[in-house]
Structure formats: C-alpha cells, structure tokens
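A quick note: this is a predicted structure, and the numbers were derived from the prediction, not measured. Throughout, protein chains are lettered first and strands after them, A, B, ... in sequence-line order, and every chain is numbered starting at 1.
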Amino acid sequence: MEKVIIHYATAGTLESSDAFVTVEPHDDNGLEIAIDSVVQNQFGEQIYKAVQEVLDEQGIVSARVSVVDRGALDCVIRARVETAVLRGKGDME
Amino acid sequence: MMGKKLVKSIREAIILSGLKDGMSVSFHHHLRNGDYTLNMVMDEIADMGIKNLTLNASSLFDTHASLEKHIRSGVIRKINTNYMSAGLGHRISEGLMEEPVDFRTHGGRPRDISLGITPIDVAFIAAPAADCAGNCSGKYGPSACGSLGYAFPDAMYAQKVIVITDCLMPYPLKGWSIPEIYVDYVVTVDAIGNPQGIVSGTTRITRDPVGLLMAETAVKVIQHSGLLKDGFSFQTGAGGASLAAARFLMDLMLKDNIKGSFASGGITGYLVDMLEKGCFESLMDVQCFDLKAVESIRKNPAHQEISAMQYASPAAKSAVVDQLDVVILGATEVDTEFNVNVHTDSNGRIMGGSGGHSDTAAGAKLSMIIAPLFRARLPIVTDRVSCISTPGRDIDVLVTQRGVAVNPKNEELILRLKDAGLPVMDIRELKQIAENITGIPNKHVHSGRPVANVIYRDGTQIDTIYSMI
C-alpha cells in the first residue's frame, strides 16, 4: 500500500560516522531527497541510492527527506532513514 | 651599549631591521594555535606598506587564517612552511595564492635555511622569557611553551633577529636557550600568545576501543621487532592512539625491565612519565605538547632541548632522527606502495603537512603508521595517495584494527611478526576489508593548477598539490 509522510520526524545524530535524517510531509505529493554529506564526492550516489531504496521498501510515495551525513556507513544510513520514516509515516488520505 | 637592543615597539624594530619589499620574514610555531606574535607582526608590516614578502613559518595554525587579507593585499607573496592546518589550508587549496606554497619538513626547513636556499632577512622570535640583550627561553614566563627548538635556525641564519617577549627578565637570563649573540633587537609586548592555545592542559589517551586495539597491536609489533631492548629509542606523536601506545609500551618496558636510551620529538606528559619511571635516560625535545612537558623541561636536566637542526636536518653533521629505533606516525591516507599522505584530506584539500613525519620515517629503523581501516566512511588504504608526504620506501609497517601490513621490503619483520602470531596481511587485503564495509569511493580527480609543492627533506620535490575547483 502506498504510504506518505504525515508528520515531521527525525532519526540519528550529527556525530562523526552517523547521519541525521529528517522527514516531513510534501505539499505537492512527491518525493524530494536532499543529501548533504562530508563524503559527497566519494559516496554521494551510493548514499542517494540507499535512501531511495529504503523509501521504496517502505512504500513511501510522498515526503521531503533530508539527510545530513557525517560519514555513516550504508547500513547506518538505511537504519536512520527507515527509523525516521516509521516515525513519520501514515496512510495516504 | 646593551640598552640599544631594547626598542619600544615592533614597528621600531622592523624599521631598524631594514625590512623592505620582497624580503623574507620568519616565525616559529611553539605557541601553536595560541600564537599572537605572527599576526601582530604581519599586521604591523602591512600597516607600514611593505609588500611582496616571503613568509617562512615552521607551521601555520587556524589562528593564522587571518593571513588571507595580507595575501590578498600583496603583503605576502610566497609561503614556505612545514605544516598548515585546515583554516588557511582550505583557502590555499581554493587558489588564494598565485605562487604555490612550498611545504618542507621539520628537517628540510633548517637544511634549506642553513644552505642559503631559503634565506631569511628578518626573523621574529616569540620568546616566553628574554633579557634586554636577547638571551631567551621558552621555559619561563606566562606564555611558557618549553622547547624553542624550531626557532634556532631562524636565530642563527637570519640577517636580523628580533626577539618579542611578554616577560622581560633581568640580564643575564638564567637557563637561556637562544643566546644574545644572534639577536639584534628585543621588543616587549603585552602578550605573545594565549597560554590556553599554546599547550593543551592535558593530552589524553583515546578511549575509543578501535584506537586502544591498534595501540595494543602497535606495542606487540615493537615487542617482536627485535628492537625493544636496553638502549631502545622511541618517538611518537600526540594522537590518542599514539599516546595509548606510549602508555602500553611503558607498562611493557617496566614489566620487562628494559632501560631505553631516549625519546624524541614533540614531547607529551606520557613521555615525561616514561623518563621519570626510568624507561629512558633522556628526552630530546624539539617541542612541548603539554604543560607537563613544559614543567619537566624546566626542572629535569635529563629532559633536553634540541634545535630543529639537531632534531632532523639532513645538512647537520648528525641528527637525532638517525638514532631512532622506532617511530609511531599517523596518516590520512596510505597507499598500497606504503606512501603516506599527511598534507591533504580525501578531497585533496590542504589540512596538514609533514612536520617531522618524513624525517623520522627516514631515520628510524622501524617506521610504523597507526591508522584505522576507515574514518567517517573513508578508507585509509588507497591505490594511490592524493599527495605523497612520506615515500613508501621509508615506511615499514601499517597497524590497523583488523591487521598489520608489513612493507614487503622488510622480510625479516614479516617473519618475526608472523612467528609472534600477529595478524600479518597484505596491504591490499586491508584495503579490500575496508572497502567491503564502506563501499568503493569515487576517485578524487584534481582539475586545477598547482597550489603547493611538497619538498622532501633532501630538497627534491616529491609531489604537487592542485587547487580544487
């Protein structure tokens, strides 16, 4: 079933090797992903892919997602995104 | 006659020194990030309208980032240094200067000063204590920093030498380290630096389990290297894992009753403890890293100040680094040929410098790098470092939390460590383990113009750092 983010939620920290993820409702029903990473040049695409995959797995079709990454491993980024999504998601109205 | 040296202001001293456009000025870095002197002098020089200077500083810290304005206005045309922290380093990497910065080593700088390759017109020596004739020391005064080792070549070879102090003592200063024979002028100021930034009150052992594991492994490598016996000599940096290694080494030396000869370099309280407990006969101190080291060099005759030349200059008739058994060093990157980068971050931006890295690596019988497999997702072992600071031929072993890689040239060490049951593996294997966890990073590709030359201790250029676009 298609899901959307219905309220603002966060997960993670700004510690080195972690990521801070926020999700919030998207007014125009769509997905918007913003990534700010200290390893943008080295891993930017891989981080984007990880975020996208978690959103797909969770069936999210509408959200604003922001990831401020301090060099987290892929598994950490996935866990933080998943947690933020679980905290913020609900059924589409 | 003596009174003539003591002048009223920095400006008066600069005028008397005859400093003119295009000349070279120098500074030492013992006051580290607490230094006021370099900025104070450069502001005065700028105000006097002098331009096109070469700045020769043994190291530059974030507190010196305000030099940017003097570079933009043409007061400073060229920088020679051994280390530059990220504050100014990133600006240089963005292309701030037309002429590339020349990076040397702590041994290469005094070499090139003494050989006249980088002549100094006016040296400014921040002195925590001085008398009216210029005898000066780092051991006393409110801004005490301990050793003044890196200031010696400046004092000995500059055309004019200006001592700047915030603690003028009666002549003759007791326990001077730089003698009056080199000094032209003495100036007093309110403060040469902020004591809080000069030395850290405490330098601490890491509590990170990865760091502790690496330190334990590092000491096992030393233990089984065949070098740990009476007469042993040692150097290590002030990083958390290196300090932990020093502490574990102390425990081992005390347990096995090993009487070492000396420890050298930047001195921390941990090395002072080792001296006081009898692990070493002497400390050879070119720079103090903490208050305990400052206290020790003031009180303990076995804790000796050495000049930058005696520390590491290849032009000196002999130097301490050539007597070293083991040195523990850090790295931002190591490549599969064991080349080490300590100049740039993984994006190729300047954030450091060799300091004594390549000097000690060249001199020591066993040069060890301690580094985690990756930091903030960035693998440490790469196919090719973004900048060669120390050539791989001078590195013997890389210690990580997962395994130890020995430079294949050191066959005896490989056998010794394998016999001791240490996890010896190929450096490419370590790279693979890291990449399995982090993913494979996109390669850094430089696209700009040269912003810095990396000059090895023998005067040859070993790499070039390019601007970031």
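Counting heavy-atom pairs closer than 4.5 Å to chain B, the top residue among Asp74(A), Val76(A), Val39(A) is Asp74(A).
In this structure, Gln46(A) contributes its side chain and Pro441(B) its backbone to no donor-acceptor pair below 3.5 Å. Panel note: side chain Gln42(A), backbone Leu378(B); no donor-acceptor pair is recorded below 3.5 Å.
Within 6.0 Å of atom CD in Gln52(A), more than 12 heavy atoms from other residues, nucleotides or ligands are found, so the atom counts as buried in its surroundings. Atom CZ of Arg64(A) has more than 12 neighbouring heavy atoms from other residues, nucleotides or ligands inside a 6.0 Å radius.
Take Asn442(B) and apply the side chain to side chain contact (heavy atoms under 4.5 Å, CB included) test, not counting sequence neighbours, and it matches Glu45(A).
Counting only heavy atoms from C-beta outward, the side chains of Arg377(B) and Ile47(A) approach each other to under 4.5 Å.
For residues 9-23 of chain A, a heavy-atom distance under 4.5 Å to chain B picks out Ser16(A), Ser17(A), given by residue number. Contacts between residues 327-341 of chain B and chain A, defined by a heavy-atom separation under 4.5 Å, are made by no residue at all. Of all residues spanning residues 428-438 of chain B, those with a heavy atom less than 4.5 Å away from chain A's heavy atoms are Ile437(B), Thr438(B), arranged by number.
Closest approach of Pro379(B) to Phe43(A), counting heavy atoms only: CD-CZ, 4.4 Å. The nearest pair of heavy atoms linking Arg70(A) to Ala376(B) is O-CB, 3.7 Å.
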